[in-house]
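Down below is the structure, laid out as structure tokens.
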Amino acid sequence: MSENKKLKIAFLWHMHQPFYLNPLTNQFLLPWARLHGLKDYLDMPLTAAEFEGMKVTFNLVPSLLDQIQMYCDGYTDRHLELSRIPVRHLNIDEKKEILRTFFSAHQLNMIDPYARYRQLHRKRDSCGSDISLAVETFSTSEWRDLQVWSNLVWIDPMFRSQEPVRTFFEKGRDFTEEEKGQLLDFQIELLKKIIPTYQKLFAENRIDLSFTPYYHPILPLLVDTESAREALPLINLPANRFSHAEDARWQIRQAIEKYRSLFGKNPKGMWPSEGSVSEEVLKIFSEEGIKWVATDQDILQQSLAKSGLESRHFSPHTTYVYNHAPECRLFFRDRGLSDKIGFVYSSWETERAVNDFILNLKRIRDFLKSQLDNCVVPIILDGENAWEYYPDDGNGFLRRLYTALGSDPELEVVSMSDAADAIKPTILPEVAAGSWINHNFRIWIGHSEDNAAWDILFAARKALTDYEKGHLDADPDKLRKAWRQIYIAEGSDWCWWYGDEHQGADNEKFDLLFRLHIAEVYKLLGLAPPLILSQPLHRDRGESLVTLPESLITPQLDGVLTHYYEWSGAGHYNCLGSGGAMHRVDSIITAIYFAFDTDNFYIRLDFARRFDLVGIKNGRVVVDFKNIGQKEIPLEKGVLRDKGDYSYIFNQLLEARFERKALLRGGSGRLEFSVMLYSANESLERWPINDPIAIDLPERDQEIFWQV
């Protein structure tokens, strides 16, 4: 009876960090493999394994495991190096670097809850952009406490009852050099447990494991950069066509070999980097013995359209197989439920979030109740970056979610591999080339910076193959090392940060690492690196996503762009460019404009063209003015509402006016605000995700705007 059958749910948590090793120094340039190792890579499998009868899939990137092992073998990173230096030995430049980088954590959940860390953060901020002044104001004990806290908050709550961590959280301040050393040694010991824990839990059949191709490349672009034209026919591609299916096969084969060396068998499945697939790539996976891969449900829709099939006859909640890759099953991630965990539930109360997730699964089960034997809901997302936005690093949410799933008689959690074995696949005559982001490859190719990187990679690879042909007696070890640098440079992470899509604090460092890896190829061959490698590819766009106002303006509140220059001179926040380590494809608010005149402060919100109020229950915007309060704006089309000290209207866009004197005493001072979008009580978006937009409103008649 279908009433007694369970709906299968398959979780895949993707664990990945870029390859941060600087080939010149043999030191990791950025600390994120270590810090996420402390916060995410160990507690996640341990938590999942606590729940019997459920098998969660963890997808690991081989180059991430390499970095974890290298830390265990004594490698270090710049943050760790600066943390170990005794305070009395820190020079001025090192102190400045510490102040710039040691607060790189989510402020709401990782800085503000801890009195000492919060105090140090505010002290740094009180000096504004004057780092030299901040250096002078920090005492010896404050420097050491900052070294400790910038490491301590990354220890996952699961391990905070262990010594010496428990004592350090209780003590809070005035740490000694010896205590700091104990904490940093504890970190390494924790990292040493990660790989053995995955090995043990996998051997005990309590979790499932899959891999990604070795250095996280976009496989379809390695096979042929022309594949980008399938989704974007008019895309501007690099000058040189990169077409090396053998490199894609190497990345897959080396991942299989790594998996076998760690876990004693071949992997059954792989999450292709960024869910990127094409027909040629699926053939390679099938030929290499991979039994399943996964991508996004948008790829299913595009594949059906490519084949001339009506999507309404096909469900994303089952498995598929490409006609010419018969050994490899295809999963299509449920984007809505996956993105709710990744981007939405962090701002919800835990019980409500879990109930919403279960309710959505029940609706899917009811819809598919006549075919449950052949159904699975793939939940696939980043397994690390989302949790810092949750209270308690997501521990409470995950435990309650696993408990609810494990106790529900209508639901069961299965591994991706078990689902691939159990479900009869539907045949796809064609598969569209694309990734999980907008079913295309625009993030990694098409922008002038991306294209320059591909041409540089093309030239370095050609230089290596030409060298091999002309030096048949070349040192095999030297060639092996040179090829390794090529394969590292083929990783997706470099082009993730090139172009306009993602801006962060470390764009220049990713640019530098890419060019260093390419330059190392030439150096290993005894060739002079091209001059272009000494020049940054990334153009500094100021890194700030916030542009401040350039003039006083008084827009007309009518909910439309009344004329082209109405908001000219306003400040601007680019929601679509906020990027970071995660990327969401369904942002509703695309831009925030803000401005002021002598009496009022104005906000304008632009929305995605597809956005309307159909399906949005009780839609509303909340403007959260830090330390002042919140102003609520119901989304009622065409209605100008006057609330006394503020008014608003929503048509094509949202325009709002706030009296300056109602926001700030005297109408001047520092104003910080964020914007949140709700459907009833459900939080859909918050912008900015981290720090609020900040603007200084000058006293009346003291407005000075500097323009270049």
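Because the structure is a prediction, the values reported are computed rather than measured.
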*Parallel, tilted or perpendicular: which describes the rings of Trp250 and Tyr487, with under 30° parallel and over 60° perpendicular?*
parallel
*Pick from Arg84, Lys192, Lys180: which one makes a salt bridge (charged side-chain N to carboxylate O under 4.0 Å, His left out) with Asp185?*
Arg84
*asked:* With heavy-atom distances below 4.5 Å as the criterion, would you say the side chains of Ile379 and Leu381 are in contact?
replied: yes
_Under 3.5 Å: donor-acceptor pair, side chain of Ser347, backbone of Val344_ = yes
*State whether a side-chain donor-acceptor pair under 3.5 Å links Tyr215 with Arg484.*
yes
*Should the pair Trp32 and Trp154 be assigned to parallel (<30°), tilted (30 to 60°) or perpendicular (>60°) ring geometry?*
tilted
*Pairwise side-chain contact, Leu42 with Leu190, heavy-atom cut-off 4.5 Å (strictly under)*: yes
*Can you label the angle between the Phe332 ring and the Tyr320 ring as parallel, tilted or perpendicular, going by 30° and 60°?*
perpendicular
*Applying ring-ring contact (aromatic ring centres under 6.0 Å, His included), run through Phe202 and Phe58 and close with a yes or a no.*
CA-CA 10 Å; Phe202 181 65; Phe58 291 90; over 10 Å; no
*Would you please classify the geometry between the Phe19 ring and the His517 ring as parallel, tilted or perpendicular, with 30° and 60° separating the classes?*
tilted
*Please report the C-alpha distance between Asp421 and Lys291 in whole Å, then the side-chain angles of each, then the deciding distance to 0.1 Å, and finally whether the salt bridge (charged side-chain N to carboxylate O under 4.0 Å, His left out) criterion is met.*
CA-CA 9 Å; Asp421 289 340; Lys291 301 302 181 184; over 6 Å; no
*So which heavy atom on Met416 is nearest to which on Phe11, and how close?*
CG-O, 4.3 Å
_Shortest non-hydrogen contact from Ile188 toward Tyr71_ = CG2-O, 4.1 Å
_Taking Ile380's backbone N and O only, do any of them form a donor-acceptor pair with Ser338's side chain (distance below 3.5 Å, no angle check)?_
yes
*Please report the closest heavy-atom contact between Ala325 and Val321, naming both atoms and the distance.*
O-CG2, 3.5 Å
_Reported CD-to-CG distance for the pair Gln67 and Asp77, which is rounded to 0.5 angstrom_ = 10.0 Å
*Does a side chain donor of either Gln69 or Asp73 reach within less than 3.5 Å of an acceptor in the other side chain?*
yes
*Would you check if the side chain of Glu288 reaches a backbone N or O of Ile252 as a donor-acceptor pair within less than 3.5 Å?*
no
_Which heavy atom of Asn440 sits nearest to which heavy atom of Arg442, and what is that distance?_
OD1-N, 3.0 Å
*Report yes or no: do Asp418 and Ser415 form a side-chain donor-acceptor pair below 3.5 Å?*
yes
*Measure the CG-CZ distance between Asn395 and Arg400 for me, rounded to the nearest 0.5 Å.*
13.5 Å
*Between Ala255 and Tyr214, what is the shortest heavy-atom contact and its length?*
N-CD1, 3.7 Å
*asked:* If you define the side chain from C-beta out and look only at heavy atoms, does anything of Trp497 sit under 4.5 Å from Asp511?
replied: no
*Check against ring-ring contact (aromatic ring centres under 6.0 Å, His included), Tyr390 and Trp348*: CA-CA 9 Å; Tyr390 281 75; Trp348 289 26; over 10 Å; no
*asked:* Taking Pro217's backbone N and O only, do any of them form a donor-acceptor pair with Glu490's side chain (distance below 3.5 Å, no angle check)?
replied: no
*Test item: side-chain donor near acceptor, Glu163 and Thr167, under 3.5 Å*: yes
*Are any side-chain N or O atoms of Thr212 and backbone N or O atoms of Val61, one a donor and one an acceptor, separated by less than 3.5 Å?*
no
*Not counting sequence neighbours, which residues clear ring pair (Phe, Tyr, Trp, His ring centres under 6.0 Å) with Phe357? List them please.*
none
*To the nearest 0.5 Å, what is the distance between CZ (Phe169) and CZ (Arg116)?*
15.0 Å
*If every non-hydrogen atom of Arg329 is compared with every non-hydrogen atom of Pro425, which pair is closest and at what distance?*
NE-CG, 3.3 Å
*For residues Asn59 and His16, is any side-chain donor paired with an opposing acceptor at under 3.5 Å?*
no
*Could you check Phe186 against Phe159 for ring-ring contact (aromatic ring centres under 6.0 Å, His included), going step by step and ending with a plain yes or no?*
CA-CA 10 Å; Phe186 177 88; Phe159 311 115; 7.7 Å; no
*Gln17 CD to Asp66 CG distance, which is reported to the nearest 0.5 Å*: 14.0 Å
_For a side-chain contact (heavy atoms from CB on, under 4.5 Å) check, start with the C-alpha distance between Asp408 and Ile358, then their side-chain angles and the critical distance, and finish with the verdict._
CA-CA 9 Å; Asp408 195 296; Ile358 299 297; 4.1 Å; yes
_salt bridge (charged side-chain N to carboxylate O under 4.0 Å, His left out) between Glu50 and Arg399, worked out_ = CA-CA 9 Å; Glu50 292 178 17; Arg399 289 183 182 279; 2.5 Å; yes
*If we ignore angles and hydrogens, is there a donor and acceptor under 3.5 Å between the side chains of Gln187 and Arg34?*
yes
_Does this structure show an ion pair linking Asp296 with Arg333, if we count only N-O contacts that are shorter than 4.0 Å?_
yes
_More than 12 heavy atoms from other groups under 6.0 Å of NZ on Lys193_ = no
*Regarding Asp356 and Tyr345, is there a side-chain donor-to-acceptor distance under 3.5 Å anywhere?*
yes
_Between Asn507 and Tyr498: side-chain donor-acceptor atoms closer than 3.5 Å_ = no
*Indicate the ring-plane relationship of Trp444 and Trp496, choosing parallel, tilted or perpendicular according to the 30° and 60° boundaries.*
tilted
*Any donor-acceptor N/O pair, Gln182 side chain to Pro164 backbone, under 3.5 Å*: no
_If the threshold is 4.0 Å, N to carboxylate O, is there a salt bridge linking Glu257 and Arg253?_
no
_Exercise: do His79 and Ser150 side chains pair donor with acceptor under 3.5 Å_ = yes
*Sub-3.5 Å donor-acceptor pair from the side chain of Thr319 to the main-chain atoms of Leu330, do we have one?*
no
_With rounding to the nearest 0.5 angstrom, report the NE2 to CH2 distance, His106 to Trp387._
14.0 Å
*May I ask you to check whether Asp382 and Asn385 show a side-chain donor-acceptor distance below 3.5 Å?*
yes
*Side chain of Asn109, backbone of Glu388: donor and acceptor closer than 3.5 Å?*
yes
_Check against salt bridge (charged side-chain N to carboxylate O under 4.0 Å, His left out), Lys171 and Glu179_ = CA-CA 11 Å; Lys171 183 175 181 179; Glu179 288 171 329; 2.8 Å; yes
*Straight-line distance of Ile207 CD1 to Thr47 OG1, nearest 0.5 Å*: 11.5 Å
*Side chains of Trp292 and Ser417: is there a donor and an acceptor less than 3.5 Å apart?*
yes
*Check step by step if salt bridge (charged side-chain N to carboxylate O under 4.0 Å, His left out) holds for Glu349 and Arg352.*
CA-CA 6 Å; Glu349 190 273 330; Arg352 178 168 163 258; over 6 Å; no
*asked:* Go through it in stages, so that I can follow the logic: the residues are Ser273 and Leu219, the test is side-chain contact (heavy atoms from CB on, under 4.5 Å), and I'd like the CA-CA distance, side-chain angles, deciding distance and then a yes or no.
replied: CA-CA 7 Å; Ser273 316; Leu219 292 176; 5.6 Å; no
